[in-house]
Amino acid sequence: MKIPEITLAKLNPKKFIAEKAEELRSAVGDGSAINALSGGVDSSVVTLLAHKALGARLHTYFIDHGLMRAGEPERVVKLFRTFGVKVVCVDARREFYGELKGKTDPEKKRQAITDAFYKKVFGRLVRESGARFLLHGTILTDVEETVAGIKRQHNILTQLGIDTRKAYGYTVLEPLINLRKPAVRRVGSALGLPASVFNRPPFPGPALAARVIGEVTPERVELVRQATAIVEDVLAKVSAFQCLAILHEDRVTGIRNGQRDFGCQIEVRCWDSQDAVTATPTALPFKTLARLGRLITEQVPGVVSVTYNITSKPPSTIEAI
Ligand code: XMP
């Protein structure tokens with residue numbers, strides 16, 4: 001079924017918010033809904049929209065899967081507290097790393113995250129909360145890329161023919177499904193979210209796991225987390241669509257303290273793009289690239305090589321898995 005688009009030009013944010021709030025209220029009725037907030041644009045917009053519509057009947061969780069960027073759980077919980085949204089932080093690191101253990105195939109890793117998220121952690125939370133509705137920040141681009149087989153987004157279930165009521169015991173509500181990112185940002189602004197949230201560069205659902213090639217372990221994620229913090233800091237003033245660090249599986253020979261060191265490789269990517277469907281690498285000054293190379297090898301333990309991606313999407317993709 002083709003999902004109609006509400007384009008940025010056609011969007012009336014106030015009307016959209018009022019209509020979606022009404023739809024949510026009538027779908028949920030006297031019951032309650034549950035949602036997971038990651039702190040990204042889509043889930044932040046859904047959370048505030050649903051909070052306005054449902055108030056205390058919305059139960060918002062931050063699932064700490066141990067794959068987030070540095071300081072994210074605390075930052076997100078604190079921000080939403082200022083909007084009166086009580087976000088419960090759930091430590092789910094054991095479940096996610098348990099599912100990911102030993103997996104190296106990209107699709108199996110994505111599937112492991114889906115399973116840990118929906119079957120284990122969310123299934124349990126939904127059962128415990130008694131909520132029959134799950135709110136999701138799926139947007140039109142997620143659906144198109146998944147249906148086209150470009151990537152299996154972990155938040156697309158209904159579109160793949162999965163009956164969530166049968167499989168997981170709840171109905172998924174997707175109030176942003178008719179929008180693309182620029183329209184979602186406009187709705188976020190109209191809801192009163194700060195620009196630092198609604199203008200946030202995209203971040204993938206599988207989080208840093210999408211940037212670890214090979215097995216996703218807490219130790220390997222920590223390397224990518226540290227490299228990501230450096231990349232985001234150094235490139236903060238570059239108006240790129242997205243920038244990221246990837247940990248490669250292959251090791252390479254380097255030299256540290258006069259000794260040969262068979263160490264890790266980090267790849268930096270920085271993208272210019274309108275909608276993430278196509279993208280080109282940002283023409284960063286060589287001085288900036290050299291600075292990234294120096295900081296990452298100095299500060300991230302065991303890294304002896306830093307490279308910069310010079311491939312466009314397609315054939316590349318923005319993330320690594
Ligand atoms: P790719 O790697 O497919 O990424 O070129 C396109 C855009 O989508 C983000 N991305 C995801 N977002 N769940 C999400 O919510 C996912 O599984 C996922 N995978 C990629 C990516 O960061 C980029 O902006």
Side-chain angles (χ1 to χ4, degrees), residues 35-47 62-63 65 67-69 72 76 96 99-100 103 105-118 122 134-160 162 172 174-177 179-182 184-185 188 197-213 216 224 228 231-232 235 239-247 267-282 309 311-321:
N35 83 316
L37 169 66
S38 69
V41 181
D42 306 337
S43 74
S44 296
V45 170
V46 164
T47 300
F62 183 96
I63 310 293
H65 42 38
L67 304 167
M68 284 289 168
R69 284 172 289 185
E72 277 290 282
V76 174
F96 279 82
E99 281 290 331
L100 285 162
K103 301 204 166 76
D105 177 83
E107 291 309 307
K108 291 203 172 113
K109 281 154 64 174
R110 282 179 169 264
Q111 185 62 48
I113 291 170
T114 303
D115 288 346
F117 195 90
Y118 289 98
F122 237 49
L134 172 63
L135 279 146
H136 228 302
T138 319
I139 67 170
L140 196 52
T141 324
D142 297 337
V143 180
E144 286 170 348
E145 289 216 324
T146 303
V147 172
I150 295 167
K151 188 160 286 179
R152 188 188 186 295
Q153 302 273 350
H154 89 282
N155 51 0
I156 302 285
L157 294 167
T158 321
Q159 286 76 22
L160 292 174
I162 297 169
V172 178
E174 297 169 312
L176 308 181
I177 198 105
L179 309 182
R180 294 181 195 277
K181 197 66 111 195
V184 177
R185 295 192 202 282
V197 175
F198 69 73
N199 272 340
R200 245 189 150 193
F203 187 70
L208 297 175
R211 299 171 181 182
V212 170
I213 302 176
V216 181
V224 151
T228 302
V231 169
E232 289 189 352
L235 303 182
S239 57
F241 178 81
Q242 206 169 342
C243 60
L244 51 131
I246 292 161
L247 176 65
E267 176 188 333
V268 175
R269 293 185 180 184
C270 183
W271 296 105
D272 292 336
S273 176
Q274 292 301 322
D275 53 10
V277 178
T278 60
T280 51
T282 308
N309 171 61
T311 323
S312 293
K313 172 184 179 177
S316 182
T317 51
I318 286 178
E319 305 291 342
I321 71 153

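Counting starts at 1 for both ligands and their atoms, in listed order. Along the sequence shown, residues are numbered consecutively beginning with 1.
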Visitor: Going by heavy atoms in the side chains, are Pro314 and Thr278 under 4.5 Å from each other?
Guide: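 Yes - at least one pair of side-chain heavy atoms lies under 4.5 Å apart.
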
Visitor: Arg110 versus ligand 1: do any nitrogen or oxygen atoms come within less than 3.5 Å of each other?
Guide: yes

Visitor: Using side-chain heavy atoms (C-beta onward) and a distance below 4.5 Å, is Leu208 in contact with Arg69?
Guide: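 A side-chain contact under 4.5 Å exists here.
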
Visitor: For the residue pair Phe96 and Phe117, does the interplanar ring angle fall in the parallel (under 30°), tilted (30 to 60°) or perpendicular (over 60°) class?
Guide: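 Rings of Phe96 and Phe117: perpendicular, as their planes differ by over 60°.
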
Visitor: Checking Lys109 side chain against Lys103 main chain: does a donor-acceptor pair fall under 3.5 Å?
Guide: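 Side chain of Lys109 to backbone of Lys103: no pair is present.
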
Visitor: Determine whether any heavy atom of Ala210 lies closer than 4.0 Å to an atom of ligand 1.
Guide: no

Visitor: Do any nitrogen or oxygen atoms of Arg211 lie less than 3.5 angstrom from nitrogen or oxygen atoms of ligand 1?
Guide: no

Visitor: Give the atoms of ligand 1, by number and element, whose distance to some non-hydrogen atom of Ile318 is under 4.0 Å.
Guide: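 Reading through ligand 1 atom by atom, the close ones are 1 (P), 2 (O), 4 (O), 5 (O), 23 (C).
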
Visitor: Using heavy atoms and a threshold below 4.0 Å, how should the contact between Pro204 and ligand 1 be classified: side chain, backbone, both, or neither?
Guide: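 The part of Pro204 near ligand 1 is both the backbone and the side chain.
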
Visitor: Which ligand 1 atoms, with their elements, are less than 4.0 angstrom from a heavy-atom of Ala276?
Guide: 6 (C), 7 (C)

Visitor: Sequence neighbours excluded, which residues qualify as salt bridge (Lys or Arg N to Asp or Glu O under 4.0 Å) partners of Glu72?
Guide: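 Counting only residues at least two positions away or on another chain, Glu72 forms a salt bridge (Lys or Arg N to Asp or Glu O under 4.0 Å) with Arg75, Arg200.
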
Visitor: Give the single entry among Glu319, Lys181, Arg269 that approaches atom 20 (C) of ligand 1 most closely by any heavy atom.
Guide: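 The residue whose heavy atom sits nearest atom 20 (C) of ligand 1 is Glu319.
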
Visitor: Under a 4.5 Å cut-off applied to non-hydrogen side-chain atoms, are Ser312 and Pro281 in contact?
Guide: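 The answer is yes, as the side chains (C-beta and beyond) meet within the 4.5 Å cut-off.
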
Visitor: Counting from 1, what ligand 1 atoms have a heavy atom of Pro202 closer than 4.0 Å?
Guide: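 The list of qualifying atoms is 24 (O).
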
Visitor: Report, in ascending order of atom number, the atoms of ligand 1 lying under 4.0 Å from any heavy atom of Lys313.
Guide: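 With Lys313 as reference, the close atoms of ligand 1 come out as 1 (P), 3 (O), 5 (O), 6 (C).
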
Visitor: Is it the case that the side chain of Gln242 and the backbone of Pro202 share a donor-acceptor pair, with hydrogens and angles ignored and the cut-off at 3.5 Å?
Guide: yes

